[in-house]
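A quick write-up on the structure given underneath.
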Amino acid sequence: MLEVRDVDVTYGDIQALWGVSFSVRKGEMVALVGSNGAGKSTVLRTLSGVQKPRKGTITVEGTRSDTVDAHKVVELGVSLVPEGRRLFRDMTILENLELGGYIGRARKVKEEHLEWVFQMFPVLKQRISQLAGTLSGGEQQMLAIARALMSDPKLLLVDELSLGLAPIIVKNIYKTLREINKSRNVTILVVEQNVRLALEVADRAYVIENGRITMEGAGKELLASEAIKSAYLAIG
Amino acid sequence: MKSKLGIASFVLLMIFAPLLIKSEYLLNLLILICLYATLSHSWNILGGYCGQISLGHATFFGAGALTFRYLWLGGVSYYLALPAGALASLILAFAIGFPSFKMKGHYFSIGTLALAMIALITVQNLLPGVSFITEACLKEYSLLTIYYLAFGVGVATVAAVYALSRSKLGLALVSVREDEEAAEAIGINTFKYKVVAMSISTVIAGFAGGIFAFYCGTYYHYAPFELGWSFDPLLIAFIGGAGTVVGPVVGAVVFVLLKELFAASLGQVNVLIFGIVFIVTVLFLPKGLVGIAGIVRKKDRSART
Amino acid sequence: MKQARCLRCLLLAAGIAIIAFGLVASPVMAAAPAAPAGIKVGAVVALTGRMAAGGKDVKAGYDLAAKDINDAGGVMVKAYGKRLPLDVMIVDDESDPVKTATRLDKLNSVDKVVAYLSGFSSDLNVVGMAAAEKNKVPWVGVTIAVEAPFNSGYKWVFAPFSMSHDQVKAFFDLLDSIPADQRPKKIGHLELNVDWGNECGKYVREMAKQRGYQIVVDQKYAPPTNDFASAILALKSAGADAVFSVPAPPQSLTIVKQMKELNYAPKVTCLIRGPDLSTYWENMGKDAAYIISDGNWDESMTYPGNKKLVDAYKAANPGIENIGIPVGAGYAAVQVLANAIERAGTLDRQKIRDAIAKTDMMTIRGPIKFRANGTAVIDYGLRQWQNGKNVLIWPPNATKIKVILAPPWDKR
Amino acid sequence: MGALLQILSYGVFSGALYGLVALGLSLVFGVMNYLNVAHGALIMLASYTVLWVCYYLHFDPFLSLILVIPTFFVIGWILFMGLFQRLLALPETEKLKNSLLISFGILLICSNAATMLWTADERAVATSYTGKVIDLLGVRLPYIGLATVFLAIIVVFAVHLFLTRTYFGKAIRAVSQDYEAASWMGINTSRACLVSFAIGVALAGFPGVVIALQTFNPMVSFDLTNKALIVLILAGVGSLRGVLFGGLLLGVVEAASVFLVGVAYREVVGLVLFVLVLMFRPQGIGGRKA
């Protein structure tokens with residue numbers, strides 16, 4: 001589904017990613033974990049097309065996505081739930097969702113998708129004409145996910161959704177993500193600082209450190225590994 | 001050492017220039033170059049170094065001119081009237097310039113433009129007439145005197161800006177330009193530095209205004225308040241290179257000479273050419289004409305190493 | 001250090017460039033021949049910028065006059081015992097007063113002109129007059145309407161042009177000429193707050209008192225004003241039946257438009273500037289009718305040589321219906337100057353100046369004499385838009401057409 | 001009382017015009033943070049275009065909009081592709097500064113080119129309804145003034161509908177709020193900027209007609225830009241409905257100032273109001289704090 005091969009990313013003179021390679025198979029839910037500043041968000045920015053790699057390739061279902069403009073990446077079926085939500089704060093919930101389904105093929109099934117996301121997040125339906133900026137943190141995160149789903153993505157990229165939210169809300173949102181993954185067969189790549197949480201939900205996971213992938217494995221497997229425990233889970 | 005020698009020889013050359021060229025017309029051009037270089041540097045300190053793009057410099061220029069004029073025509077010697085004009089300009093800065101720093105970024109630009117327009121309309125209303133040079137003052141009037149005054153003020157200004165650019169103060173101004181919030185965060189009192197920049201800038205603008213009032217025999221009182229006196233120094237600074245010591249000087253030479261050459265042969269087209277030169281400079285030469293020299297030197301150096 | 005080196009190089013380069021420029025230019029100055037090939041007269045005229053339209057008219061007047069004089073053999077200069085052609089050198093000042101001054105200096109020091117002709121508009125001419133005074137070059141100027149410069153002791157400036165006093169006087173003379181039963185008695189004055197407007201205001205108040213008119217509204221307005229509703233309502237409620245003002249061209253349109261909108265139709269509306277432009281009728285349509293404006297010079301004037309000028313101008317500019325006032329005024333200025341040089345019999349500036357002061361001659365715009373301060377005793381004309389044409393209605397010795405009093409708007 | 005209402009009605013008419021003048025500037029500034037001070041020059045050029053169309057094709061000035069608006073859309077398109085597109089990638093403050101400088105250059109070029117082409121003479125389009133009025137209880141309302149008010153309301157409303165009811169309009173608003181997030185929605189952001197810039201320039205056509213019916217010359221560019229900036233600030237940056245409000249406020253305050261400070265300082269009142277708002281409420285009178 002998603003193949004990342006040997007990607008280098010630089011910001012000016014500073015190199016952020018070094019030969020990053022990984023893959024996500026169809027229908028999987030994969031986590032990319034690591035500490036703050038390890039390069040997780042850079043990976044997602046690169047996948048979403050706003051950052052161009054200096055070297056390496058990214059393919060989505062066999063099509064190169066690293067050479068096209070950011071807005072074309074969406075048409076390849078890749079949708080991003082950005083870090084910090086990045087909602088259109090001065091627009092209503094409905095308008096945010098409509099923009100999520102901006103691309104041509106999504107507009108045709110707008111009503112159907114709206115029904116689907118409202119069923120998933122009923123609270124959004126109640127506040128359909130409220131401005132996005134006035135929602136609570138959890139509601140905003142739901143809206144961000146719902147918005148990303150409106151484009152009918154094959155691959156959903158989720159960036160740091162736990163940031164600034166109460167644990168119970170995060171748990172519920174992850175549950176919903178898992179459901180989306182299972183019931184609608186949407187492949188998901190989550191980037192998460194909360195390593196334990198991510199490893200618990202994900203099928204597989206990659207660990208990124210200082211811009212390099214250092215470990216990979218099934219979520220449960222990594223959760224049990226000593227290296228992860230000492231580095232990220234603060235046990236012992 | 002070598003550079004000091006060069007500058008000294010340049011200054012000497014310019015001092016003797018009137019004796020060499022003996023043409024009133026060329027003396028006029030030299031005066032204009034000095035005048036524009038001074039005014040442009042005045043803008044440059046605030047706009048180029050400190051990043052506060054003022055569109056209202058005509059106000060301070062005009063205040064200097066107005067004061068000079070009143071004193072000079074009233075019988076005060078020009079060498080006293082000149083600093084008095086600069087002082088008036090500074091006082092005006094205290095009255096309206098500093099409060100305008102309550103406006104940030106582009107608000108400052110359009111706010112100062114509005115202030116300049118208020119000043120222009122007010123002067124037009126209060127002093128609708130012409131300021132005539134009197135017979136007595138006409139006797140004192142000599143292009144040579146004006147040239148040496150303009151040149152002296154110009155050299156002093158360039159020297160001041162040069163000193164500023166190498167001082168801690170200059171560094172602080174640049175940090176305000178680059179990122180005001182960051183500068184504040186590391187403990188720089190940005191307001192204070194903006195005030196300092198504005199003070200120096202307006203004093204110089206006041207001097208320039210005085211020279212204009214001395215030079216231009218008779219004109220409408222509002223002439224030095226016209227918006228062109230706000231726009232021209234900005235154009236000159238950007239064409240030459242804003243935020244540099246040499247830029248406004250180069251800009252002024254180009255501005256005066258090109259206009260003189262084109263005006264005769266091309267007429268109105270010359271303003272168009274100027275507009276285009278300006279846009280091209282902004283788009284492709286963020287450091288102005290001086291930047292070209294910089295690029296050449298950089299390439300030169302990298303080729304050697 | 002690096003920057004210092006750069007500084008030095010550039011400053012030096014600039015210095016050398018300037019000096020080189022000077023050296024190139026200096027042989028030009030040195031090349032002044034002992035026996036002149038022509039009489040050099042200089043003018044700095046706005047050919048570009050905001051004053052360009054008027055400046056081109058002034059230039060056309062100068063050029064036509066010089067051509068006529070030279071076709072007739074030139075100006076007789078006794079000192080050389082022969083006729084010399086007039087060489088009018090015209091330089092642009094881009095409507096910028098600073099350049100007016102520098103370029104007049106250039107004409108003086110590089111080209112050694114014997115006299116200056118003026119540029120266009122009071123704004124630029126006051127600068128030119130000071131330059132003339134400073135350089136001691138006689139200055140003969142048109143398109144200057146303020147008298148103040150002539151009262152500041154200048155000795156070298158002369159204006160064969162009518163000014164605020166003439167304009168206001170003509171307005172009152174015109175009113176006096178209207179039969180008493182129809183004559184407006186209540187005057188509304190809108191004073192443009194610039195020196196010229198202030199001067200006119202002074203004369204309006206003086207003459208109204210002398211001649212028994214009542215000023216019912218007397219309001220000041222600034223040059224950028226573009227809404228006259230309050231002033232017009234005041235005029236209307238005070239019942240003013242004659243209006244005088246010297247508005248800028250845009251205001252001359254706005255005032256009349258708002259008069260119509262507010263249904264105010266004084267019998268006499270005299271707007272000295274703006275309606276004299278040939279585009280006024282195009283801009284206003286028939287609402288321009290009955291508006292009275294400047295007639296400093298007019299094509300229909302019957303003075304000697306005027307018809308020749310009109311024909312020559314029309315031949316050179318086919319398709320132009322109305323000739324601008326500065327064309328005729330500029331032509332007359334050259335006539336005055338040439339006449340003075342001939343009487344002086346030399347190219348000495350002082351002698352030419354003295355000869356100008358003693359001028360008493362007939363020009364294409366009527367007889368001209370100068371007062372001691374350099375202003376002229378001269379006929380001043382007024383024009384009125386009648387049936388799409390701007391026709392001369394004053395002075396009575398130059399035209400047969402009479403003023404028409406404006407009817408109310410609904411009767412037009 | 002009648003005089004007061006009459007004078008205020010003129011304030012409303014010029015206020016509606018000010019609103020129209022600021023509309024294009026506000027749209028462009030709101031969407032991509034470009035301060036296009038050349039807007040006044042574009043309006044001035046639009047007035048000349050209206051004059052041409054009326055003169056050569058004998059169109060009614062308002063009808064001429066069907067030619068003028070597309071023409072200026074294309075002009076906006078070209079200006080953006082040629083000059084402004086390359087600024088999109090710059091950081092916010094640089095973007096603003098450079099757009100200001102470039103458009104200032106355009107302002108100079110346009111007003112001088114216009115003087116060259118058409119002289120500095122005053123122009124106006126005369127129509128059969130110039131000066132015609134409706135008399136409403138003694139207050140005389142000129143047709144052209146009323147038309148200006150209607151035009152302002154219709155155009156502001158239409159732009160508002162476009163921005164809130166169409167996909168593309170929403171995309172433009174999305175770009176104005178979060179450039180990057182908009183691209184994640186699949187919105188071609190540089191295209192959205194291009195189109196909104198072109199629309200912003202096309203909007204110069206509407207005030208262009210009104211100005212053509214009044215009186216204009218090449219130098220009105222500066223005046224118009226000034227008015228547009230004042231209204232932009234009064235309205236609150238990027239607020240399009242606020243533009244109508246800000247314009248009316250300025251117009252009425254200017255008209256009413258005749259009673260307070262006399263005609264001579266009429267313009268100053270608006271400017272002082274402007275500076276005060278800039279200093280104490282830079283988000284605009286109606287705007288929310290960012």
Side-chain angles (χ1 to χ4, degrees), chain A residues 41 44-45 47-52 68-92 94-108 110 129 131-134 140 143-144 146-153 156-159, chain D residues 26-27 29-33 81 85-86 88-92 94 159-196 235-243 283-284 286-290:
Chain A
S41 284
L44 283 205
R45 289 179 63 80
L47 291 179
S48 74
V50 293
Q51 182 68 44
K52 296 291 165 213
V68 299
D69 287 339
H71 64 92
K72 288 269 168 60
V73 174
V74 186
E75 286 176 19
L76 294 175
V78 180
S79 191
L80 174 72
V81 182
E83 182 182 352
R85 271 90 74 176
R86 303 286 285 272
L87 296 173
F88 304 112
R89 300 174 62 87
D90 290 340
M91 296 169 90
T92 64
L94 183 63
E95 283 174 327
N96 268 278
L97 292 174
E98 281 171 341
L99 285 166
Y102 182 79
I103 57 170
R105 86 179 118 87
R107 282 191 212 180
K108 291 188 198 111
K110 177 181 128 187
S129 52
L131 293 185
T134 63
Q140 288 195 6
L143 177 56
R147 184 180 68 174
L149 289 172
M150 289 296 290
S151 66
D152 196 16
L156 186 67
L157 309 172
V158 185
D159 199 353
Chain D
S26 177
L27 179 70
F29 190 58
V31 173
M32 60 204 98
N33 233 350
M81 298 298 276
Q85 192 168 39
R86 57 189 82 231
L88 278 178
L90 295 175
E92 289 302 296
E94 283 290 298
V159 173
H160 180 71
L161 280 185
F162 166 71
L163 289 177
T164 52
R165 295 293 154 83
T166 65
Y167 260 105
F168 198 73
K170 286 173 194 169
I172 287 175
R173 280 163 65 217
V175 171
S176 79
Q177 288 178 39
D178 191 330
Y179 190 83
E180 220 170 52
S183 74
W184 289 326
M185 301 300 111
I187 296 167
N188 185 342
T189 48
S190 59
R191 194 181 174 77
C193 286
L194 165 64
V195 172
S196 41
V237 167
S239 158
L240 290 179
R241 272 174 301 179
V243 158
Q283 71 273 28
R288 278 179 292 118
K289 207 151 196 153

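Reminder, nothing fancy here: chain letters follow the sequence lines and each chain counts from 1.
Both the backbone and the side chain of S48(A) come within contact range of chain D, judged by heavy atoms closer than 4.5 Å.
The structure places CZ of R191(D) at 11.0 Å from CD of Q85(D), a figure rounded to the nearest 0.5 Å.
With sequence neighbours excluded, no residue forms a salt bridge (Lys or Arg N to Asp or Glu O under 4.0 Å) with D152(A). E75(A) pairs by the side-chain hydrogen bond (donor to acceptor under 3.5 Å, both in side chains) definition with nothing, not counting sequence neighbours. With sequence neighbours excluded, the residues that form a side-chain contact (heavy atoms from CB on, under 4.5 Å) with V158(A) are V81(A), L156(A), L161(A), L177(A), I188(A), V190(A).
In terms of heavy-atom pairs under 4.5 angstrom with chain A, the leader among N188(D), T189(D), T164(D) is N188(D). Ranked by non-hydrogen atom pairs under 4.5 Å with chain D, the options L80(A), T92(A), V78(A), D69(A) are led by L80(A). Between chain D and the residues R45(A), K72(A), R89(A), the largest count of heavy-atom pairs under 4.5 Å involves R45(A).
Within residues 94-104 of chain A, the residues that have a heavy atom under 4.5 Å from a heavy atom of chain D are E95(A), E98(A), L99(A), G100(A), G101(A), Y102(A), I103(A), listed by number.
Residues V175(D) and I172(D) have side chains not in contact (no heavy-atom distance under 4.5 Å, counting atoms from C-beta outward).
Residues Y179(D) and S190(D) come closest through the heavy atom pair OH-N, 4.4 Å.
One N or O on the side chain of R147(A) and one on the backbone of R85(A) form a donor-acceptor pair closer than 3.5 Å. At distances below 3.5 Å, at least one donor-acceptor pair connects side-chain atoms of R173(D) with backbone N or O atoms of L163(D).
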